[in-house]
Amino acid sequence: MQQQYEPLAIERDAQAHWDKTRAFNVVEDRSRPKYYCLCMFPYPSGKLHMGHVRNYTIGDVMTRYHRMRGFNVLQPMGWDAFGLPAENAAMANKVAPAKWTYDNIAYMKKQLQSLGFAIDWERELATCTPQYYKWNQWLFLRMLERGIVYKKTGVVNWDPVDQTVLANEQVIDGRGWRTGAVVEKREIPMYYMRITQYADELLGALEQLPNWPERVKTMQANWIGKSYGVNFGFPYEIDGKKDVLRVFTTRADTIMGVTFNAIAAEHPLATRLARDNPKLAAFIDECKRGSVMEADLAAMEKKGMPTGFFVTHPLTNEKVEIWVGNYVLMSYGEGAVMGVPAHDERDFAFAKKYGLPIKQVVAVPGKAFSLDGWDEWYADKENGRCVNSGKYDGLTSYMQATDAIAADLKAKGLGDKQVQWRLRDWGISRQRYWGTPIPIIHCDGCGDVPVPDKDLPVVLPEDLVPDGSGNPLNKTPSYLACACPKCGKPARRETDTMDTFVDSSWYQIRFACADQANAMVDDRAKYWLPVDQYIGGIEHAILHLLYARFWTKVMRDCGLVGIDEPFTSLLTQGMVLNHIFQRKGEKGGVTYFPPDELEIERDAEGRITGARARDGKPVEYTGIGTMSKSRLNGVDPQALIEQYGADTARFFIINTSPPEFTLEWSDSGVAGASRFLKRLWAFAFDVAALVQAEARKRGDQAGYVYPADWAKQSPALAAARRELHLNLKQAQYDMQRMQFNTVASAAIKMLNALSDLSKSAEAAGNPHYAQLLHEGFSILLRTLSPITPHATHALWQELGFSGELIDAPWPEVDERALEQDEIELVLQVNGKLRGHLVVPKSADKAAIEGLALAHDSVTRFTNGQPPKKVVVVPGRLVNVVV
RNA sequence: GCCGGAAUGGCGGAACUGGUAGACGCGCCGGACUCAAAAUCCGGUGGUAGCGAUAUCGUGAGAGUUCGAGUCUCUCUUCCGGCACCA
């Protein structure tokens, strides 16, 4: 072994060893508790970025730590391999998406392996393989049978030049990203998954996820958006036909105050009324156009136009005019709202603007209603009573009146209480090539026919190269042509593919049995599921995590898995940030500069003020932000590993910030991490030499019997050993609560304590000094091993510890090492620190009080007067109150 | 607007159940080694006053509870994230 720290060689050897011994390949073992640690799998975009490295390092620390604690740990890895970027790359490079994707996977896998993650690579999967997506198709068909999948028309972005459907991210300022053509909205048939059927459970079960971050649960709850109210209708007659205008309201108690109704521009009634009203038609057009401009939406002025058409109030039979309002959303509720200006702030503003009547129907005692301006209490649900409301007068408005009014509406057959959700069903059809084929065949005679199970998978041809003008599957007769499974006549295959969120909704389940060719899941899933710890970016807080939860519940209801929730614990890691440097051009353009190519300038206190580029000219410092390609402030993990090694990269990432915080990149911080590992390495070799020399002197190799009472041997040794075990105790606690940065700190402190001891005079001649270093390194290397597995693996052998480090148990704290014969207490007078007091361990409260009161630091402040009170906190402090 | 989170030295951050604020790392300052630089090692490093022991102020602001508050309660400010003409 090299005395020089050469991370690349050390890491290569350790990785080769783990690989050869299949160290991280796991099988079900009921004799041990299992621990399934999963990081969100990467999209194979080409190469790893620092966010990946951080994500997988955090996961690896957890994996290795739990392994040491005796768990049977599964950490798998796979590839979220379908998706749009492959098609874009294909167009740019004229390579098939399949080849591009598989090449990227091969490269990124090498990168992951060079970081030394404890991954079971035998379970590796890629979602773009038929072995995987067959089961997307299979479950799709089961969902179709159960009515969870259904077909309806949906709106898509249509590029009229390329004759293709665009994803939302391909629409820039309302225009196609390639053609610049104004994007049109088109209605096409699509498949939907009835996630709304599970809305209640998806919302309610959030409470049973105590180990999910609060904000993720809140985001999901908002997204699902449950509200209680009443759905009812205003009868009307048009073209000789009777109908009702349905609205949803959370304030049914204010129905008696309705003075108008507003409907969305896209509402069918609006379309009908515009037929004989050109002014209205123009207004509706304006509304539809306006809504495209997302940015203005929030600040948009509330506008409306009367239609001259009246509906009947269901309880008073009064006539109520319909308005078209630009603020009414077609996509929420019924696309129509009742207008109660007296008790809704927005309606109030609308009524004032257009001179509509305002009718108070709720009163709060002691508050006066005025038409002059809005007051918060007008919308008070808690304290109001109904007024001007006929038979409802006097009822407490929200509770009693809502019930009474809903009952009356129900009796008339015009409405009832209803729960309204913001959540929509999940449209999964994508008019794209690089995705899971939807297993449907279109037959002129039989309609849409599901592909029979025996014909699965419907295999996606891998040699097509998209050119941007629509889905290439539509131009591939060999794919399109098929026989109808029902009647046998020639038919046409569906060419839409599934949303890639489908792929990632259940990969965590497939990892349990990735090699199972005959079923979607098998019994092994029962052992491994659910995932004990899931780790990934906050950007997936809503969609991915919600879809995965939904999918798990569907699989449960199909009898495929026995769990309700896929992820027991969730950790959302923070983003990786770096400094941003730029120079503004004469024409206002901005040029960015990579931080590592600049001479950084700092002020007297070390703050960055600016920089100088290689051309000698100044560059402006604009602060920190996420690493991004466009801002050139990304750090390439590959270069980092090549320069410093994986252990340094891992140690820096773990040590610099807690996992959930953002991580600010710092080149000097990386250098610091490297310095620590070099110091560890060099000191370990000194210790190894000393230990071997001692063993030779003793003439036995049998190892050590540590002395029972270190304190008697030497105060310095006892103090160092105490420091060691104190830090171990801290590291243990911090591992449990996933605050890994302080685990790294504890390891540094352990090394500092041992190396300080090596410089003390007391250590030199002490017969137990080598023993303490030996014990110290056995603890230090194990504490550090989840973070920097390679260097610790090599040093474990160098120091002659038995077995392999990855099989060594997590070290145990020796509580006796923490005990002290004398304890230093903090002396406070009136809560302020005034000095320190050393007392024997055995001293009781009275004795401590006596010593404290006699202490100089106290008598200085007491002026001989007796104290009002003395607070003694055992083992901590004495506070004298005067 | 609503919901969630946060605010601690020059910087990242530590302080678990209220009990020595600033651990550890980075940066900075000084020193050693060197012809010199890099690397490495040693020492210092919240502000103010003082040669010093020490005093005093100090965890976004203000109040409160307490012998004692970064930590608990209330009010406010700022920042970050999410959602939102949601009926």
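- Nucleic acid contact class of A/Gly672 (heavy atoms, under 4.0 Å, all strands): sugar-phosphate only.
- Listed pair A/Gln739 / B/A15 meets the phosphate criterion, a side-chain N or O lying under 4.0 Å from OP1 or OP2.
- Following rounding to the nearest Å, A/Phe740 (CZ) and B/G13 (P) show an atom-to-atom distance of 17 Å.
- At most 12 non-hydrogen atoms from other residues, nucleotides or ligands lie less than 6.0 angstrom from CE of A/Met575.
- Side-chain proximity of A/Met219 to the nucleotides B/A87, B/G82, B/C24 is greatest for B/G82.
- Separating the P atom of B/U20 from that of B/C33 is a span of 42 Å, rounded to the nearest Å.
- Put simply, CG on A/Leu827 and CD on A/Glu824 are 9.5 Å apart, with the number rounded to the nearest 0.5 Å.
- With a cut-off of 3.5 Å on both pairing distances, the Watson-Crick or G-U wobble partner of B/G30 is B/C42.
- At a cut-off of 3.5 Å, with distance as the only test, a side-chain donor of A/Asp253 or A/Ser397 sits close to an acceptor on the other residue.
- Residue A/Leu833 contributes atom CG, which lies 12 Å from atom C1' of B/U54 at whole-angstrom precision.
- Candidate nucleotides B/G82, B/G27, B/C85 were compared by shortest atom distance to the side chain of A/Arg346, and B/C85 ranks first.
- Of the listed nucleotides (B/A23, B/G19, B/G27), B/G27 has the atom at the smallest distance from the side chain of A/Ser668.
- Rounded to the nearest Å, the gap between the P atom of B/A87 and that of B/G13 is 38 Å.
- Under 4.0 angstrom from either OP1 or OP2 of B/C41 there lies no side-chain N or O belonging to A/Arg675.
- Comparing B/U20, B/G27, B/A55 by their nearest atom to the side chain of A/Arg834 picks out B/A55.
- The listed nucleotides are B/G5, B/G25, B/A21; the one nearest the side chain of A/Glu214 is B/G5.
- Across all strands shown, B/G25 pairs with B/C11; the Watson-Crick or G-U wobble distances both stay below 3.5 Å.
- Between the base of B/G1 and the side chain of A/Glu345 there is no donor-acceptor pair shorter than 3.5 Å.
- Along RNA chain B, the nucleotide closest to A/Val826 and the one closest to A/Lys678 are compared, and the more 5′ of them pairs with A/Val826.
- Going from the C1' atom of B/U65 to that of B/C26 covers 39 Å, rounded to whole Å.
- When only modelled atom types and interatomic distance are considered, A/Glu664 and A/Asn578 share no side-chain donor-acceptor pair under 3.5 Å.
- In this entry the distance linking CG of A/Leu663 with P of B/G12 reads 12 Å, nearest Å.
- Toward the 5′ end of RNA chain B lies the nearest nucleotide of A/Lys869, the other residue of the pair A/Lys869 and A/Ile538 mapping further downstream.
- B/G9: glycosidic angle within 90° of 0, hence syn.
- In summary, of the residues considered (A/Lys417, A/Gln418, A/Gln420), a side chain to side chain contact (heavy atoms under 4.5 Å, CB included) with A/Val230 occurs for A/Lys417 alone.
- Between A/Lys759 and B/C42 there is a side-chain N or O to OP1 or OP2 distance below 4.0 Å.
- With both pairing distances under 3.5 Å, B/G19 is matched to B/C67 as a Watson-Crick or G-U wobble pair.
- Comparing B/C28 with B/C11, their P atoms sit 15 Å apart, to the nearest whole Å.
- You won't find any donor-acceptor pair under 3.5 Å spanning the side chain of A/Asn222 and the base of B/C83, going by distance alone.
- Each of B/C3, B/U20, B/G25 was ranked by its minimum atom distance to the side chain of A/Asn752; first place goes to B/G25.
- Among the nucleotides B/G13, B/C24, B/A15, the one closest to the side chain of A/Phe661 is B/G13.
- Atoms CH2 and CG, from A/Trp681 and A/Asp686 in turn, are 13.0 Å apart once rounded to the nearest 0.5 Å.
- Comparing B/U8 with B/G58, their C1' atoms sit 10 Å apart, to the nearest whole Å.
- For A/Lys749, counting side-chain heavy atoms from C-beta on, the closest listed nucleotide (B/C3, B/C24, B/U40) is B/C24.
- Computed from coordinates, the A/Asn741 CG to B/C24 C1' distance equals 9 Å when rounded to whole Å.
- Among the heavy atoms of the strands lying under 4.0 Å from A/Val881 are primed sugar atoms or P, OP1, OP2 only; no base atom is included.
- Minimum interatomic distance between A/Leu414 and A/Arg246 (heavy atoms only, all atoms of both residues): O-NH2, 3.4 Å.
- Rounded to an integer number of Å, the gap from A/Lys868 NZ to B/U66 C1' is 14 Å.
- Listed candidates were B/C67, B/A87, B/A84. Nearest to the side chain of A/Tyr332 is B/A87.
- Taking atom P in both B/C35 and B/C29, the straight-line distance is 24 Å, to the nearest Å.
- The NZ atom of A/Lys832 sits 11 Å away from the P atom of B/A21 (whole-angstrom rounding).
- B/G82 and B/G44 have their C1' atoms separated by 46 Å, with the value rounded to a whole Å.
- From A/Leu577, atom CG reaches atom CD1 of A/Ile624 across 5.0 Å, with rounding to the nearest 0.5 Å.
- Residue A/Arg215 has its side chain nearest to B/G4 when only B/C67, B/G4, B/A23 are considered.
- The gap from the C1' atom of B/G43 to that of B/A36 amounts to 24 Å, rounded to the nearest Å.
- In this entry the distance linking CG of A/Asp756 with P of B/C24 reads 10 Å, nearest Å.
- Taking atom CD on A/Glu664 and atom C1' on B/G10, their separation rounds to 13 Å, with Å as the unit.
- Across all strands shown, B/G50 forms no Watson-Crick or G-U wobble pair with both distances under 3.5 Å.
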